[in-house]
2 protein chains.
Amino acid sequence: MLKARDELTCQVRDVLNRVGDKWTLSVVNELGAGPRRFNEVRRAVPGISQRMLTRTLRVLERDGLVVRSIYAEVPPRVEYELTPLGRTLLERVSGLIDWAVEHHEDVESARGRYDARHPGDASRDFAE
Amino acid sequence: MLKARDELTCQVRDVLNRVGDKWTLSVVNELGAGPRRFNEVRRAVPGISQRMLTRTLRVLERDGLVVRSIYAEVPPRVEYELTPLGRTLLERVSGLIDWAVEHHEDVESARGRYDARHPGDASRDFAE
DNA sequence: CTGCATCCTATACGATACTG
DNA sequence: CAGTATCGTATAGGATGCAG
């Protein structure tokens, strides 16, 4: 029996939460271009802290989306790379990123129109 | 000149954050099946609080992804529906949802393997 | 039925300092 | 270079009560 496609199960939601956090999409997107060292990703994702990059990569590794290769050199070198599973996710993620690039101006103008139509709502959270 | 496709700008990140929050994907997915009243969506998205549904719908409306129609009846009726722009987002969102449905078991087994290989990390956050 | 306001908690995230 | 540990803050989100 197939799972209900129209219903987002806990487990599906769990996966989507992963993707929805602040940095996962950016990191996956960067690794999509090829294997990267820790600090290469760090530089390619402006604003990410060392802590969050470490955590994001650990979670991706744990979920089987990224492989971590340690090279016992001096200085130590660690490379991260998408797994085949990770690459299947990248395809879908790219779809979202493309949408955002194509339509974020539409979204912004819609916001402008909404805010003009609802001037009293400046106190509401999304306005700030 | 085209925007750098490999770089996630602030504005793109902004759009992705929207989609990445706890409920937006579920709500958009539900509205993808057709116009829905407030409490219809509420019932279709288990676990969502009234507050968060209201907020999620307001943000979607503000961003031009959803239209809100009020019918002056007794009792009052309000219907939400995806806009054409919202429907273009739905396509990409569906891609992600499909991925989650297809692969969440892969992810879970990968997690199990990781946790078995890293028994000492039970104290780390993702384990809980 | 639909929605706003208030209070409260959990947690995601950032800054900083320290280690093999 | 590639992390870990600790701390402080901001924010998302839940519970509850009231209103058109």
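Side chains included, hydrogens not; waters and symmetry mates left out as well; all remaining heavy atoms used. Below, read A as the first sequence line, B as the second, and so on, with proteins coming before strands; counting in each chain starts at 1.
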Q: Take A/V41 and A/T56 through the test side-chain contact (heavy atoms from CB on, under 4.5 Å) and record every step on the way to the result.
A: CA-CA 11 Å; A/V41 180; A/T56 302; over 6 Å; no
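- Relative orientation of the A/W99 and A/H103 rings is tilted, given thresholds of 30° and 60° on the angle between their planes.
- A/Q50 contributes no side-chain N or O that forms a donor-acceptor pair with the base of D/dC1 under 3.5 Å.
- With hydrogens and angles ignored, a donor-acceptor pair under 3.5 angstrom links the side chain of A/R51 to the base of D/dT6.
- Side-chain atoms of B/Y80 and B/R36 form no donor-acceptor pair, as typed in the model, at a separation below 3.5 Å.
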Q: Tell me, with the steps shown, if A/K22 and A/M52 meet side-chain contact (heavy atoms from CB on, under 4.5 Å).
A: CA-CA 9 Å; A/K22 190 168 179 181; A/M52 289 316 295; over 6 Å; no
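- Within the nucleic acid shown, B/R42 has no heavy atom closer than 4.0 Å to any nucleic acid atom.
- Rounded to a whole Å, the CG atom of A/D21 is 21 Å from the P atom of D/dA10.
- With sequence neighbours excluded, the residues satisfying side-chain contact (heavy atoms from CB on, under 4.5 Å) with B/R43 are B/N39, B/E40.
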Q) Given the rule in the side-chain hydrogen bond (donor to acceptor under 3.5 Å, both in side chains) test, do B/T24 and B/D21 qualify, once you have shown the distances and angles that lead to the verdict? A) CA-CA 6 Å; B/T24 296; B/D21 76 354; 2.7 Å; yes
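- Residue A/M52 contributes atom CE, which lies 17 Å from atom C1' of D/dA2 at whole-angstrom precision.
- Residue A/R37 has a polar side-chain atom (N or O) positioned under 4.0 Å from OP1 or OP2 of D/dA2.
- Using a 4.0 Å heavy-atom criterion, one finds that B/Y80 contacts the sugar-phosphate atoms exclusively.
- Both A/K22 and B/P75 lie close to DNA chain C; mapped to their nearest nucleotides by heavy-atom distance, the more 5′-ward contact belongs to B/P75.
- Between A/I48 atom CD1 and C/dA12 atom C1' there is a gap of 13 Å when expressed in whole angstrom units.
- To the nearest angstrom, C1' of D/dA2 lies 11 Å from CG of A/L57.
- Per the geometry, CZ belonging to A/R58 stands 12 Å off P belonging to D/dA2, to the nearest Å.
- Rounded to whole Å, the distance from CD1 on B/I70 to C1' on C/dT2 is 11 Å.
- For the helix from C/dC1-D/dG20 to C/dG20-D/dC1, the terminal axes (five pairs an end, C1' atoms, rotation from four pairs onto the next four) enclose an angle of 50°, given to 10 degrees.
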